[in-house]
Structure formats: C-alpha cells, structure tokens
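What follows is a single structure, written as structure tokens, with notes after it.
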Amino acid sequence: MKNLFATLFLSFALSSVFAQAVPNNNFENWVTSNGLENPVSWATSNAKILFVTVITVTKDNTAPYSGTFCAKLQNVNPAGFSTVAPGLLTLGKFNLDVVAQTGTVSGGIPYNTLPENLQGNFKFFPVNGDSCMIAVGIYKTNIITGNRDTIGKGSLIIGDTINAWTPITVPINYTSFEVPDSMNIIIMSSTGTNPQSGTIMYVDNISLNGIVTTTSEIAKEESFEIFPNPAENSFSLKSNCSIFDPIQMSIYNCIGDEVFNAHLTTNNAVSEEYFIGNLKPGLYVVKLSNNQKSLLGKLIKK
C-alpha cells in the first residue's frame, strides 16, 4: 500500500464547547476498543487493515519521563504491505482510506486562547536518516465562508538521535489576534514522506504554555507603532517598551511563515528603517518578544 500515511490533510470541525488544557497530556490513561489500545482523548494510526492489525502507538512503562506511562510511537511495516506506517498521535481523528491508500487527520478539540508555544519531553531513535515531527495548529471559524481558518501554527522536525528525555519547545506563529475556537496537536515518529521501519519515538507531558498579548490589550506605556503603515519599501518602529531590552522582531506572512527577523536594542525611541521591498503585497504580523512577553502588530505591505 504505497503512500498510505504520506499525506495528512488537516480539516477542523466546529464545536461550541471551550476547553483549555491538553487532555491526558501525560498519557497515563489508555482505553481498549475493537481490540486496539489507544491513549484516552488521542487518536492514533493504530488500525485494522483487512486481516492485518497495525500497532504503531503503545503505552510504555519502562522509563517514562514522569508518572507510570509514556507514549511510544514506532514505524512498522505491516505484513503483506510494502508501505511503512509511522506512529501518529493527534487530538483530532485519524481517518484511514484503504481504497485511496491515504491517511488523513481531521477535527481537533475546542480551544479559545492564544498560547505562545507547545512544550513536552521526548526521545527519538531514527533509522536511516528518518525524522520525527511535532506540530500544533490554532484555528478560528470564518463566519463568512464557514471554513476553519488557520490563525496560528508551529512545527518542529527532528532528525537527530535523542537518547535521554529531552525538553522540546515549538513556538506558535500567529497571523490573527482573534479568539480561536479549536486547536490540534499532531505527533509523528516520521514526517511521512519516507518512513523507515524500526524508527522509535517516545513522548510525555505535552502542554501549551503562555498567552500571546496583542497591542490592543496592553497599556500604552508598553506598546509599539509601525510607520508608515501601509509601507512600500521600508518601515520603522516607535516603541515604549521599557522592559523590552533586547527585543527580537519577527515578521510573519498570512500562512504563519517567518519572512523577516531582526534584533532591537533601543527603547522609547524610533528604530532604524527595515527594508521590506522584497516582500509581496499583503497583510503581515509583526511580533516583538523576549523572555518576558510578546506584543503583536499588523503591517500592510503595498
């Protein structure tokens, strides 16, 4: 079954209930259904394909980061199939289409805050240059189109061998300051393009942390102004951020990719000009941050 798990399509259903914590974030609770054991609140790539049972995610109690269990993800080659199936965890749903030979992720959980990052602990043992992935998406229903828009996302791909429990932080980049209505987390023992049989990943204590502060919610003495705005070739900043020194400035496009970054070391003053002539016209998000907080602003490129 070629490319069975190679492509993940993310679509998120509307929910009217809000929740903030990552459920079963330490993978202590597991449930068995239809002969498959999965962590409570999480969907996995464990599946029964025709007469073959594929087990890619299991609970492990040999040496969890904390508590009794952690989740073990392993790439496996199902008997009778040529495709290697990677281990996958998601807070949404994993949908297996045997006929089309694809696996998709849909759904998520209700969520209404703007976390700064995803954190957790992991170990990774790749085979033949394999890489694992941890990703998070923050979503908002578009009241005009009815579709779910991505307003924040973050992902990290790791290819190095990690023998001991290691903390991981995945920053979340935003393109909108609206209150979201859902989020999803996807963890894979392979990026899915060319999974290698035998690759193993362990994960434990997954959490979303921090709250991004927008310029509309902060006091005037801790804010910044972008001018000119709209800007054609360059812009400057005027900041009144007395606690911000040094400051990291990042600019993100409409899909959350960082397209510009610089360090600011001046407070209560006008910054130098920043050239953006190479950026495409459109709406961008400017983020000022250090280890204390983050401030966001909108930049329009003519």
Side-chain angles (χ1 to χ4, degrees), residues 5 8 20-32 36-46 54-76 84-92 94 105 108-109 111 115-138 152-173 183-211 289 291:
F5 297 93
L8 296 177
Q20 298 313 299
V22 176
N24 195 22
N25 71 313
N26 53 9
F27 305 103
E28 290 295 294
N29 302 310
W30 295 69
V31 62
T32 300
L36 300 173
E37 186 177 38
N38 292 311
V40 172
S41 301
W42 295 81
T44 74
S45 49
N46 292 342
V54 181
I55 303 297
T56 61
V57 178
T58 57
K59 66 181 179 183
D60 184 84
N61 64 356
T62 55
Y65 176 77
S66 64
T68 304
F69 301 112
C70 65
K72 177 183 179 181
L73 293 72
Q74 183 169 2
N75 298 354
V76 300
V84 174
L88 179 146
L89 285 164
T90 176
L91 288 173
F94 177 72
V105 171
I109 66 172
Y111 205 77
E116 290 185 331
N117 57 62
L118 178 150
Q119 294 182 359
N121 292 272
F122 82 115
K123 296 187 291 185
F124 185 54
F125 303 90
V127 172
N128 295 332
D130 213 348
S131 297
C132 63
M133 181 188 76
I134 299 178
V136 57
I138 309 295
K153 68 176 184 178
S155 63
L156 200 58
I157 295 175
I158 305 102
D160 297 329
T161 298
I162 309 296
N163 291 297
W165 283 109
T166 300
I168 188 172
T169 298
V170 181
I172 301 174
N173 301 323
M183 72 90 170
N184 196 7
I185 296 172
I186 300 175
I187 304 171
M188 295 180 66
S189 54
S190 177
T191 55
T193 55
N194 187 27
Q196 299 294 306
S197 180
T199 291
I200 297 175
M201 181 184 188
Y202 298 87
V203 292
D204 207 350
N205 284 28
I206 302 298
S207 63
L208 293 171
N209 302 278
I211 298 178
S289 62
N291 59 4

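- Rounded to the nearest 0.5 Å, atoms CG (Asn24) and CG (Asn38) are 11.0 Å apart.
- A perpendicular orientation is assigned to the rings of Phe125 and Tyr202, their planes being inclined by more than 60° (bins at 30° and 60°).
- Contact record, Phe124 with Ile200: CD1-O, 3.3 Å, taken as the closest heavy-atom pair.
- Heavy atoms only, all atoms of each residue included: Leu88 and Thr56 are closest at N-OG1, 4.2 Å.
- Leu118 has its side chain out of reach of Val22: every pair of non-hydrogen atoms, C-beta onward, lies at least 4.5 Å apart.
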Any chance you could lay out the side chain to side chain contact (heavy atoms under 4.5 Å, CB included) test for Ile187 and Met201, step after step, and finish with the verdict? CA-CA 9 Å; Ile187 304 171; Met201 181 184 188; 3.7 Å; yes
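- Atom-to-atom distance recorded for Asn184:CG and Leu91:CG is 5.5 Å, nearest 0.5 angstrom.
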Begin with the C-alpha distance, continue with both residues' side-chain angles, and end with the deciding distance and a verdict on side chain to side chain contact (heavy atoms under 4.5 Å, CB included) for Thr58 and Glu37. CA-CA 7 Å; Thr58 57; Glu37 186 177 38; over 6 Å; no
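- In this structure, Trp42 contributes its side chain and Pro23 its backbone to a donor-acceptor pair below 3.5 Å.
- Taking each heavy atom of Ser131 and Ile157 in turn, the nearest pair found is CB-CG2, 3.6 Å.
- Of the inter-residue distances, the one linking Met188 atom CE with Leu89 atom CG reads 10.5 Å to the nearest 0.5 angstrom.
- Taking the side chain as every heavy atom from C-beta outward, Ile172 and Leu208 approach each other to under 4.5 Å.
- Legend: residues meeting salt bridge (Lys or Arg N to Asp or Glu O under 4.0 Å) with Glu28, ordered by chain and number and at least two apart, are absent.
- To the nearest 0.5 angstrom, Phe122 atom CZ is 4.5 Å from Ile162 atom CD1.
- Contact annotation: the side chain of Pro86 never approaches that of Leu73 to less than 4.5 Å [non-hydrogen atoms, C-beta and beyond].
- No side-chain heavy atom of Asn194 sits less than 4.5 Å from a side-chain heavy atom of Asp130.
- In the model, Ser190 has no side-chain atom that pairs as donor or acceptor with a side-chain atom of Thr199 under 3.5 Å.
- One finds the CD1 atom of Ile55 at 9.5 Å from the OG atom of Ser45 (value rounded to the nearest 0.5 Å).
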Pair Ile158-Ile168, side chain to side chain contact (heavy atoms under 4.5 Å, CB included): steps then yes or no: CA-CA 10 Å; Ile158 305 102; Ile168 188 172; 3.6 Å; yes
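- Here the closest heavy-atom approach between residue Ser189 and residue Asn75 is recorded as OG-OD1, 2.6 Å.
- The line from OG1 of Thr161 to NZ of Lys123 is 13.0 Å long, rounded to the nearest 0.5 Å.
- Remark: the backbone N or O of Val57 is paired with a side-chain donor or acceptor of Asn46 at under 3.5 angstrom.
- At least one side-chain heavy atom of Trp165 sits under 4.5 Å from a side-chain heavy atom of Cys70.
- Under the 4.5 Å side-chain criterion, counting only non-hydrogen atoms from C-beta, Pro115 is in contact with Ile138.
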Walk me through it: do Val170 and Asn117 pass the test side chain to side chain contact (heavy atoms under 4.5 Å, CB included)? CA-CA 5 Å; Val170 181; Asn117 57 62; 5.8 Å; no
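- Surrounding OH of Tyr65 are at most 12 heavy atoms belonging to other residues, nucleotides or ligands under 6.0 Å away.
- At a cut-off of 3.5 Å, with distance as the only test, no side-chain donor of Asn61 or Thr68 sits close to an acceptor on the other residue.
- Here the side chains of Met183 and Ile109 are in contact, with some heavy-atom distance below 4.5 Å.
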